[in-house]
2 protein chains.
Amino acid sequence: MTALPIHRKSPSVALSERGQLLFKLLVERYIADGEPVGSRTLARDSRLDLSPATIRNVMADLEDLGLIRSPHTSAGRVPTAPGYRLFVDTMMAVREPTATDIERMNADIASQTDLGVLLARTSNMLSEITKLASIVMVPRPDHQSLRQVEFLPLSDNRVLAILVVNEREVQNRIIHTARSYGASELEQAANYLNQAFAGREIDQVREGLVREMANTRAEMDRMMQTAIEMAEKTFVSSRAGDEFVVTGHTNLMAIDELSNIEKLRQVFEAFNQKRDILHLLDQAIGASGVQIFIGEESGYEVLSDYSVVTSTYGTGGRNLGVLGVIGPTRMAYSRVVPLVDLTARMLGAALKSLT
Amino acid sequence: MTALPIHRKSPSVALSERGQLLFKLLVERYIADGEPVGSRTLARDSRLDLSPATIRNVMADLEDLGLIRSPHTSAGRVPTAPGYRLFVDTMMAVREPTATDIERMNADIASQTDLGVLLARTSNMLSEITKLASIVMVPRPDHQSLRQVEFLPLSDNRVLAILVVNEREVQNRIIHTARSYGASELEQAANYLNQAFAGREIDQVREGLVREMANTRAEMDRMMQTAIEMAEKTFVSSRAGDEFVVTGHTNLMAIDELSNIEKLRQVFEAFNQKRDILHLLDQAIGASGVQIFIGEESGYEVLSDYSVVTSTYGTGGRNLGVLGVIGPTRMAYSRVVPLVDLTARMLGAALKSLT
DNA sequence: TCTAGCACTCTACCCTTGGGAGTGCAAAGC
DNA sequence: GCTTTGCACTCCCAAGGGTAGAGTGCTAGA
């Protein structure tokens, strides 16, 4: 076989060209098979026409650099977290999603009109195609602009408030009031609020009300009083907390061939204790584009054998949220990364057309 | 020891009094330990002062009756599905929930105001206390009475419809229209609908509209046209499909000591393919009160090693939905059954105070 | 009708064993 | 100086065999 011109030493970086090649092959092989890769296998895989012994020497170097390790004395080598990191950063060849996948995803996502359903479907689809667990964090509206508000009296001094924010999202809250209000009273209050504050940020609404109160204090008529009272209770501490959609847990069970059930349980538990996962996703929302957290990098011990691939999504220039997948560190990054990217873009587009 | 008066034959039923006693002990023991119960153990447990050999004879009878079986030649006996059935039907002594459990549940459930949160919390709580997976099916409103409707124009010939039904529930839908409508136009249409149909069943609204159309066909003014057009699209095929909340998957993983991971995966998968589970819950909603499905009784093969304990819940006389738990057939029925019952009643009460 | 005794069966566990895979090292080859 | 060969060594894993424990069914005797 044509030996490559391998004698050119790579200048300062510790890794020779040959080392890189073999390392790349090793990672790819391990991702494909899931079993430690030995020198003989690697010798066959590479077209370098080198004996296993030579490969062994290179592998020893790679091990010294902390890129690979052997699970035990006489097993092959597997990539370490830093190894995966190097791989995805400098040598991964992304495999574009197949036309089928794109088609399938498009059909499913584009047709959704309800925000909740859209997110759920997106998560589902991503999970099915990647065969991993998928997370979609719902858009966190940094500013909510009020479009319309309605009040409906319920029994027992309670009022149902319906807010339409950001042009299309509907929120509703039950508020407890000191006395009971009549329907017409509430209607007037809502009318006033709609006229005075429609199109304004919710935060501003609260401020505006306070100002209003100061100005008109004495000569406030009854309607105004009602309006202010209602609005105060309605707009206080809105944010119900970030939510996210998780689908495809079960895919993790299928993959984890070691089926370390206790570990798996802990990961699932983490999904439920949503707060933990949220923090991870928060890290991701800062930078736009695809981000990869390998093993311990995520900062969560339970995820030490798992990697997380995330991408922000949004419309235009704004990041609305984060989505991604969780799977074993040896997931097929070259396939998963473009898929996550694609999904994020599609969701962004779908959201845009929804507005 | 004081031998019980066991010589009285039970009349026609195939099971002697002694057989019943020993069977009950066996089931309780197996539920507690999870391991096949042998004749020696049972001899010690019972205060009957009988030798293991005698117990063996009884056990052989019980096996002939199909109430118990041995996993293999020289293992003890475990209850069969019919065995559990007999146990829960005729000999189970319910253990009332502890004051702590009641207190805890009450605190958590009673304080909720949002329907979605209430259901989620209920499910969570039930799952935590029973240490099983819990399902709460959301109330299926067999009749939805319309309280109020609002329309908001969006871009691209789409209109956001907001429905308030059943006094407090808010639904919103995006509908696509042939042409674009102005805000005032839509407002008039909503006003008309609200006046004409508030308080009526949604089904009736549709019917009423059709009648209206027939009557006024020719002299329909523009406002009416708009109203009818909007309403048609809004009220068609409303039912977004029954939803339910599942929590505590992870508890199943902890219990299934055999950790037959593939089986577990199938069960989880079934949770995701919600339709399957729904059908099971549908069976339960017919009869009110607690129902127990043991193993294959549920009609789902994947659930063959699991039992489902459900109860309907509702306010006043009406059944609104079903909740329950899923766990191994050897769950502690005597504890779980009253807990499911209690939860159902508490949820019913919470819903009542919410309306 | 109950009990004691006994032979039998099956599982779970431990230990050993041998093969296979892979390594590391030293010496020989190009 | 890099590469290869040869070899001893390590470790895992699966298979086999032996043993103890638990429990059974059956039969004969109280």
Side-chain angles (χ1 to χ4, degrees), chain A residues 1-10 15-19 21-22 25-26 29-30 33-65 67-79 257-259, chain B residues 1-10 15-19 21-22 25-26 29-30 33-65 67-79 257-259:
Chain A
M1 290 294 121
T2 62
L4 295 184
I6 51 177
H7 297 290
R8 187 165 55 80
K9 279 236 176 71
S10 65
L15 202 49
S16 71
E17 199 165 323
R18 178 201 285 176
L21 173 64
L22 287 175
L25 282 175
L26 187 147
R29 181 80 192 206
Y30 180 65
D33 292 1
E35 275 168 21
V37 185
S39 53
R40 165 177 264 102
T41 317
L42 214 47
R44 248 186 286 110
D45 266 23
S46 81
R47 300 290 185 76
L48 291 187
D49 212 4
L50 292 175
S51 80
T54 311
I55 307 283
R56 282 205 284 281
N57 290 331
V58 179
M59 285 165 99
D61 294 348
L62 292 173
E63 184 150 20
D64 287 345
L65 291 171
L67 298 176
I68 58 179
R69 63 186 179 80
S70 28
H72 60 84
T73 325
S74 83
R77 305 301 217 289
V78 302
E257 46 256 310
L258 298 173
S259 77
Chain B
M1 291 292 122
T2 62
L4 294 184
I6 51 175
H7 296 291
R8 184 163 58 79
K9 278 236 176 72
S10 65
L15 204 50
S16 71
E17 200 163 324
R18 177 201 285 177
L21 173 64
L22 288 175
L25 283 175
L26 186 147
R29 181 81 192 205
Y30 181 65
D33 293 0
E35 272 166 25
V37 185
S39 53
R40 165 177 264 106
T41 318
L42 214 47
R44 246 185 288 111
D45 265 24
S46 81
R47 301 288 185 77
L48 291 187
D49 211 4
L50 291 176
S51 80
T54 311
I55 307 282
R56 282 206 282 281
N57 291 330
V58 180
M59 284 166 100
D61 294 347
L62 291 174
E63 185 151 18
D64 287 344
L65 290 172
L67 298 176
I68 57 178
R69 62 186 181 80
S70 29
H72 59 86
T73 325
S74 83
R77 305 300 218 287
V78 301
E257 46 257 310
L258 298 173
S259 78

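Letters go in sequence order (proteins before strands), and every chain restarts at 1. None of the values given here were measured: they were computed from a predicted structure.
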Checklist entry - Reckon A/Arg40 has a side-chain N or O less than 4.0 Å from the OP1 or OP2 of C/dT23? => result no
Next on the checklist: Whole angstroms only, please: what is the CG-C1' distance between A/Asp49 and C/dC30?
Outcome noted: 14 Å
Item to check | Rounded distance in Å - CG (B/Asn57) to P (C/dT3) | outcome: 10 Å
Next on the checklist: For a quick test of reading the model: is some side-chain N or O of A/Ser51 closer than 4.0 Å to OP1 or OP2 of D/dT3?
Outcome noted: no
Identify all pairs in which a protein N or O lies below 3.5 Å from an N or O of nucleotides 10-18 of chain C, and state each distance.
residue	atom	partner	partner atom	Å
C/dC10	OP1	B/Thr73	OG1	3.4
C/dC10	O2	B/Ser74	OG	2.9

Item to check | Protein-nucleotide distance (A/Glu35, atom CD; C/dA21, atom C1'), rounded to Å | outcome: 12 Å
Next on the checklist: Taking only side-chain N and O atoms of A/Arg77, does any of them lie within less than 4.0 angstrom of OP1 or OP2 on C/dG22?
Outcome noted: no
Checklist entry - Between A/Gly76 and A/Ser70, what is the shortest heavy-atom contact and its length? => result O-CB, 3.3 Å
Checklist entry - Starting at CD of B/Glu63 and ending at P of D/dG23, how long is that distance when rounded to a whole Å? => result 15 Å
Checklist entry - NA contact type, A/Ser39, heavy-atom cut-off 4.0 Å: base, sugar-phosphate, or nothing? => result sugar-phosphate
Next on the checklist: Counting only side-chain heavy atoms from C-beta out, which of C/dC2, C/dA4, D/dT3 sits nearest to A/Arg18?
Outcome noted: D/dT3
Checklist outcome for this item: Rounded to whole Å, the CG-P distance (A/Leu42 to C/dG22) equals 11 Å
Checklist entry - Nearest of C/dT3, D/dG23, C/dG22 to any side-chain atom of A/Thr41? => result C/dG22
Checklist entry - Are B/Val58 and B/Leu50 close enough, and set up right, to give a side chain to side chain contact (heavy atoms under 4.5 Å, CB included), and what steps lead you there? => result CA-CA 11 Å; B/Val58 180; B/Leu50 291 176; 5.9 Å; no
Checklist entry - What's the CZ-P distance between B/Arg29 and D/dG23, to the nearest Å? => result 10 Å
Item to check | Phosphate OP1/OP2 of C/dC6: any B/Arg56 side-chain N/O under 4.0 Å | outcome: no
Item to check | Minimum-distance pair of heavy atoms, taken over all atoms of A/Val37 and A/Leu26 | outcome: CG2-O, 3.9 Å
Next on the checklist: On a heavy-atom basis, which atom in B/Tyr30 and which in B/Pro79 lie closest, and how many Å separate them?
Outcome noted: CD2-CD, 3.4 Å
Checklist outcome for this item: Whole-Å distance, A/Ile55 CD1 to D/dT4 C1', equals 12 Å
Checklist entry - In this structure, which one of A/Leu48, A/Ile68, A/Asp45 forms a side chain to side chain contact (heavy atoms under 4.5 Å, CB included) with A/Leu22? => result A/Leu48
Next on the checklist: Students often get this wrong, so: under 4.0 angstrom with heavy atoms, is A/Ala75 touching a base, only sugar-phosphate, or nothing?
Outcome noted: sugar-phosphate
